[in-house]
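Report on the structure given below.
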Amino acid sequence: ATSFKMYIDNCNIQTAVWLKRVCYDRAPKYPTALTFILSALWHGVYPGYFFTFVTGIPVMLAARVIRTNFRHYFLSSKTHKIIYDIITWITTQLAVCYTVAPFTLLAVEPSIKFYRSMYFYFHILCIIVLLILPYKPLRQTQIGR
């Protein structure tokens with residue numbers, strides 16, 4: 001997958017379709033956050049699940065902002081598009097590994113220990129991206145409404 005969204009959409013296709021239909025499409029505000037929180041509740045009570053899905057919120061939002069701000073610069077040639085795809089694939093793999101680690105660790109202490117050992121770098125990077133880059137809301141035709 002070359003984006004965090006594509007990875008999630010293809011990870012468990014039927015669940016992703018269900019979450020989109022039941023939560024994302026119906027949420028009056030903050031559809032991404034509410035969908036990730038519902039997914040955490042759906043998975044169970046282990047704190048690692050909540051760490052994973054709550055971390056997924058800023059990761060998904062930052063990925064969306066980066067894509068809308070930069071992707072069009074790489075569409076001018078096939079070479080640029082391939083470079084963009086390689087960069088986004090590598091970044092997506094790093095984001096998934098970072099985000100999903102608590103899902104396998106399950107408990108609070110190992111999850112915090114993991115994020116602390118990584119200096120919370122992806123959390124910080126996502127927050128910086130969301131604060132610096134302009135947010136361009138999706139047009140109604142882009143989100144299929």
Side-chain angles (χ1 to χ4, degrees), residues 1-108 110-112 114-115 117-118 120-130 132-145:
T2 57
S3 76
F4 196 72
K5 181 189 182 318
M6 188 185 300
Y7 181 86
I8 290 173
D9 286 348
N10 291 298
C11 185
N12 189 337
I13 295 170
Q14 291 304 315
T15 302
V17 169
W18 178 80
L19 284 167
K20 184 179 185 312
R21 187 177 309 134
V22 168
C23 187
Y24 189 88
D25 289 344
R26 296 178 183 188
K29 288 186 178 184
Y30 315 113
T32 300
L34 292 173
T35 304
F36 272 93
I37 291 167
L38 177 59
S39 189
L41 292 169
W42 178 262
H43 279 83
V45 296
Y46 286 109
Y49 298 159
F50 288 91
F51 277 106
T52 291
F53 290 104
V54 169
T55 299
I57 296 168
V59 171
M60 178 74 83
L61 295 174
R64 186 180 298 156
V65 168
I66 290 169
R67 180 180 172 88
T68 58
N69 278 278
F70 293 107
R71 184 171 184 266
H72 61 278
Y73 293 117
F74 293 89
L75 299 178
S76 61
S77 77
K78 190 172 185 168
T79 304
H80 290 135
K81 177 69 168 78
I82 290 170
I83 291 168
Y84 176 83
D85 287 344
I86 291 168
I87 291 169
T88 56
W89 182 85
I90 291 168
T91 306
T92 299
Q93 301 315 304
L94 292 171
V96 168
C97 290
Y98 180 87
T99 305
V100 175
F103 194 92
T104 60
L105 297 171
L106 297 179
V108 172
S111 297
I112 293 292
F114 168 76
Y115 282 144
S117 75
M118 302 298 283
F120 292 88
Y121 83 95
F122 231 86
H123 287 89
I124 294 167
L125 183 63
C126 290
I127 290 168
I128 290 170
V129 164
L130 292 170
I132 292 176
L133 292 177
Y135 169 72
K136 299 174 186 177
L138 296 174
R139 293 187 301 261
Q140 291 299 335
T141 57
Q142 286 177 304
I143 57 177
R145 290 187 183 173

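Not measured: the values here are computed from a predicted model.
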Would you call [X] and [Y] a side-chain contact if the rule is heavy atoms closer than 4.5 Å?
X     : Y      : answer
Phe36 : Tyr30  : no
Lys81 : Arg71  : yes
Leu61 : Cys126 : no
Asp9  : Ile13  : no

Please round to the nearest 0.5 Å and tell me the distance separating atom [atom1] of [X] and atom [atom2] of [Y].
X      : Y      : atom1 : atom2 : result
Met60  : Thr35  : CE    : OG1   : 9.0 Å
Leu133 : Leu130 : CG    : CG    : 8.0 Å
Ser3   : Ile66  : OG    : CD1   : 11.5 Å
Leu125 : Leu94  : CG    : CG    : 10.5 Å
Ile8   : Thr15  : CD1   : OG1   : 12.5 Å
Tyr121 : Ile124 : OH    : CD1   : 11.0 Å

(message) Between His43 and Phe50, is the ring centroid distance below 6.0 Å?
(response)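 His43 vs Phe50: aromatic centres not under 6.0 Å.
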(message) Could you check, using the six-membered ring where one of them is a Trp, whether Tyr7 and Phe4 have ring centers closer than 6.0 angstrom?
(response)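 No, they do not, as the ring centres are separated by 6.0 Å or more.
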Heavy atoms only: give me the nearest [X]-[Y] pair and the separation to one decimal.
X      : Y      : result
Pro110 : Leu105 : O-CD1, 3.5 Å
Ala95  : Val59  : CB-CG1, 4.1 Å
Ser111 : Gly48  : OG-CA, 4.2 Å
Arg26  : Val22  : CD-O, 3.3 Å
Asp85  : Thr2   : O-CG2, 3.7 Å
Tyr49  : Ala40  : O-CB, 4.2 Å

Using 30° and 60° as the class boundaries, would you call the ring planes of [X] and [Y] parallel, tilted or perpendicular?
X      : Y      : result
Phe74  : His80  : perpendicular
Phe120 : Tyr115 : tilted
Phe70  : Tyr73  : tilted
Phe103 : Phe53  : perpendicular

(message) Using a 6.0 Å cut-off, check whether atom CH2 of Trp42 has over 12 heavy atoms from anything other than its own residue.
(response)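 Counting neighbours around CH2 of Trp42, 12 or fewer heavy atoms of other residues, nucleotides or ligands fall under 6.0 Å, so no.
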(request) Check whether more than 12 heavy atoms from other residues, nucleotides or ligands sit under 6.0 Å from atom OH of Tyr98, and answer yes or no. (result) yes
(request) Output, in order, the C-alpha distance, side-chain angles, deciding distance and verdict of side-chain contact (heavy atoms from CB on, under 4.5 Å) for Trp89 and Met6. (result) CA-CA 10 Å; Trp89 182 85; Met6 188 185 300; over 6 Å; no
(message) Under a 3.5 Å threshold, yes or no: a donor from one side chain and an acceptor from the other, between Arg64 and Thr32?
(response)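 Note: Arg64 and Thr32 side chains meet the donor-acceptor criterion.
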(request) Report yes or no: does Thr68 contribute a side-chain atom to a donor-acceptor pair with the main-chain N or O of Val65 at less than 3.5 Å? (result) yes
